[in-house]
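Since the model is a prediction, treat every value here as computed from it, not as a measurement. We count ligands from 1, going down the list as the structure has it; atoms in each ligand are counted the same way. Scope of the values below: all heavy atoms of this structure, side chains included, with no hydrogens, waters or symmetry mates.
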Amino acid sequence: METTKKLEHVAIIMDGNGRWAKSRGLPRVMGHHAGVKAVERTVRAAKELGIPYLSLYAFSTENWKRPRGEVLGLMGLFRYYLRSKLEELCKEEVRLRFAGELTALPEDIVAILDETAEKTKEFRGTQLITCVNYGGRREILDAVNKMLTAGETGPVTEETLQKYLYLPDVPDPDLIIRTSGELRLSNFWLWQSAYSEYYFTDKYWPDFDKQDLLDAVGDYYERERRYGKA
Ligand code: FPP
């Protein structure tokens with residue numbers, strides 16, 4: 001049986017900020033600033049297209065290895081974005097949620113993430129999930145450890161493990177987009193991506209716009225989705 005599943009969750013690996021900046025002779029952090037503008041455009045576009053869930057890979061568990069100045073710059077951008085845009089996101093009825101090992105983040109950022117998630121939790125528009133200090137392997141290990149702490153006994157099923165993921169109620173991504181020409185998953189949504197479709201574009205993330213999202217979504221609907229069936 002062939003199925004075309006409605007697009008519920010679009011996930012994006014936002015890559016190429018550094019190269020975008022370098023190609024303009026700018027410091028890397030300027031690429032991240034331009035990346036925030038692309039985030040704003042994409043959230044608006046996802047809302048206009050009626051996509052229920054949009055997730056963005058903003059900071060991976062591996063990103064701590066970047067130069068200290070860049071890590072601090074990225075943390076500063078999270079603060080700035082969430083503080084300055086919260087009101088607007090509330091007006092737009094966007095629900096914000098976060099996935100990752102959040103407790104390892106600076107304390108004030110954890111507080112901002114908590115406050116943002118709490119203030120927007122009743123909104124039923126698009127959900128924007130930002131993955132911060134996120135790693136797919138870490139998420140699975142965290143889930144296993146939480147299961148053990150909770151005293152779950154085997155056999156462990158997919159449904160049991162699912163309950164212990166960071167955001168168990170969020171549907172698996174139907175479509176994963178990666179910008180800047182790299183063809184890797186880079187530890188993003190490892191468990192959840194079992195049946196995801198992929199879309200790659202050479203564009204650097206700061207150049208990504210509504211038309212690019214439309215192209216990716218159009219491509220998704222053109223594909224046959226067989227879920228491993230004949
Ligand atoms: C990848 O480009 C981008 C990141 C690791 C950070 C993404 C962060 C943002 C767009 C800003 C903050 C986001 C929110 C939600 C407020 P890269 O630096 O790896 O680029 P390169 O591969 O060209 O070096």
Side-chain angles (χ1 to χ4, degrees), residues 10-47 51 53-90 92 94-102 105-106 108-117 120 126-136 138 166-167 176-189 200-209 212-213:
V10 175
I12 307 185
I13 303 173
M14 310 180 286
D15 197 8
N17 293 353
R19 278 164 285 169
W20 181 92
K22 194 172 174 212
S23 70
R24 286 165 173 73
L26 298 168
R28 289 179 60 82
V29 74
M30 294 309 290
H32 298 315
H33 276 274
V36 172
K37 297 254 180 316
V39 168
E40 291 177 41
R41 279 198 297 274
T42 307
V43 174
R44 215 174 304 125
K47 204 183 158 242
I51 296 169
Y53 297 86
L54 173 70
S55 64
L56 303 175
Y57 202 5
F59 194 87
S60 76
T61 45
E62 287 73 38
N63 284 155
W64 296 107
K65 294 180 200 139
R66 292 189 175 209
R68 194 176 137 75
E70 187 175 344
V71 171
L72 290 175
L74 279 167
M75 293 298 151
L77 274 183
F78 297 141
R79 275 190 198 96
Y80 157 78
Y81 179 74
L82 294 171
R83 282 210 188 110
S84 65
K85 300 291 169 185
L86 184 56
E87 207 176 310
E88 193 178 315
L89 290 162
C90 284
E92 299 271 333
V94 174
R95 179 176 180 190
L96 275 91
R97 302 171 83 184
F98 303 91
E101 180 49 59
L102 305 180
L105 294 166
D108 69 311
I109 294 198
V110 178
I112 297 174
L113 301 189
D114 284 348
E115 188 194 331
T116 307
T120 62
T126 294
Q127 289 199 22
L128 170 61
I129 294 150
T130 308
C131 298
V132 198
N133 196 24
Y134 178 88
R138 174 78 69 83
Y166 295 134
L167 300 173
I176 298 181
I177 299 172
R178 183 167 188 153
T179 57
S180 94
E182 306 293 343
L183 310 179
R184 292 186 299 280
L185 190 57
S186 297
N187 207 10
F188 190 38
W189 291 142
F200 299 103
T201 167
D202 286 337
K203 270 205 181 176
Y204 294 144
W205 173 249
D207 291 327
F208 193 87
D209 61 18
D212 295 306
L213 184 64

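Interface of Val36 with ligand 1, defined as ligand atoms under 4.0 Å from a residue heavy atom, comprises 11 (C), 12 (C). Residue-ligand proximity, Tyr81 to ligand 1, at heavy-atom distances under 4.0 Å covers atoms 16 (C). Within the listing of ligand 1, atoms 21 (P), 22 (O), 23 (O) sit less than 4.0 angstrom from a heavy atom of Arg19.
The shortest contact between atom 19 (O) of ligand 1 and any protein heavy atom is with Arg66 NH2, 2.8 Å. Counting protein heavy atoms only, atom 3 (C) of ligand 1 is closest to Met14 O, 3.1 Å. Looking only at heavy atoms of the protein, atom 20 (O) of ligand 1 is closest to Gly18 N, 3.0 Å. For atom 6 (C) of ligand 1, the closest heavy atom belonging to the protein is Ala58 O, 3.3 Å. Residue, atom and distance of the protein heavy atom nearest to atom 13 (C) of ligand 1 are Phe78 CE2, 3.8 Å. The protein non-hydrogen atom at the shortest distance from atom 15 (C) of ligand 1 is Thr130 CG2, 3.9 Å. Among all non-hydrogen protein atoms, the one lying nearest atom 10 (C) of ligand 1 is Asn17 ND2, 3.5 Å.
By the neighbour-count criterion of 12 heavy atoms within 6.0 Å, atom NZ of Lys22 is sparsely surrounded, having that number or fewer from other residues, nucleotides or ligands.
Taking every heavy atom of both residues into account, Gly31 and Ala21 meet most closely at N-CB, 3.7 Å. Between Thr120 and Cys90 the shortest heavy-atom distance is CG2-SG, 4.0 Å.
Each of Lys85, Arg44, Lys47 was evaluated against Glu92; a single residue qualifies, Lys47, per the salt bridge (charged side-chain N to carboxylate O under 4.0 Å, His left out) test.
In terms of N/O distances under 3.5 Å, ligand 1 is approached by Asp15. Residue contacts with ligand 1: Asn63 is placed with no nitrogen or oxygen under 3.5 Å of a nitrogen or oxygen of the ligand (distance criterion only).
Between the CD atom in Glu70 and the CZ atom in Arg28 there is a gap of 4.0 Å [rounded to 0.5 Å]. The structure places CG of Leu167 at 10.5 Å from CZ of Phe98, a figure rounded to the nearest 0.5 Å. With rounding to the nearest 0.5 angstrom, the CZ atom of Phe200 is 8.5 Å from the CD1 atom of Ile176.
Residue contacts with ligand 1, taken as heavy atom pairs separated by less than 4.0 Å, do not involve Glu40 at all. Within the 4.0 Å heavy-atom criterion, neither part of Leu82 lies near ligand 1.
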*Please report the C-alpha distance between Met75 and Phe59 in whole Å, then the side-chain angles of each, then the deciding distance to 0.1 Å, and finally whether the side chain to side chain contact (heavy atoms under 4.5 Å, CB included) criterion is met.*
CA-CA 9 Å; Met75 293 298 151; Phe59 194 87; 3.9 Å; yes
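Taking the six-membered ring where the residue is Trp, Phe188 and Tyr57 present parallel rings, their angle staying beneath 30° rather than reaching 60°.
Looking at His33, His32, Arg28, it is Arg28 that brings a heavy atom closest to atom 24 (O) of ligand 1.
Note on Arg41 versus Asp209: no salt bridge recorded, every NZ/NE/NH1/NH2 to OD/OE distance being 4.0 Å or above.
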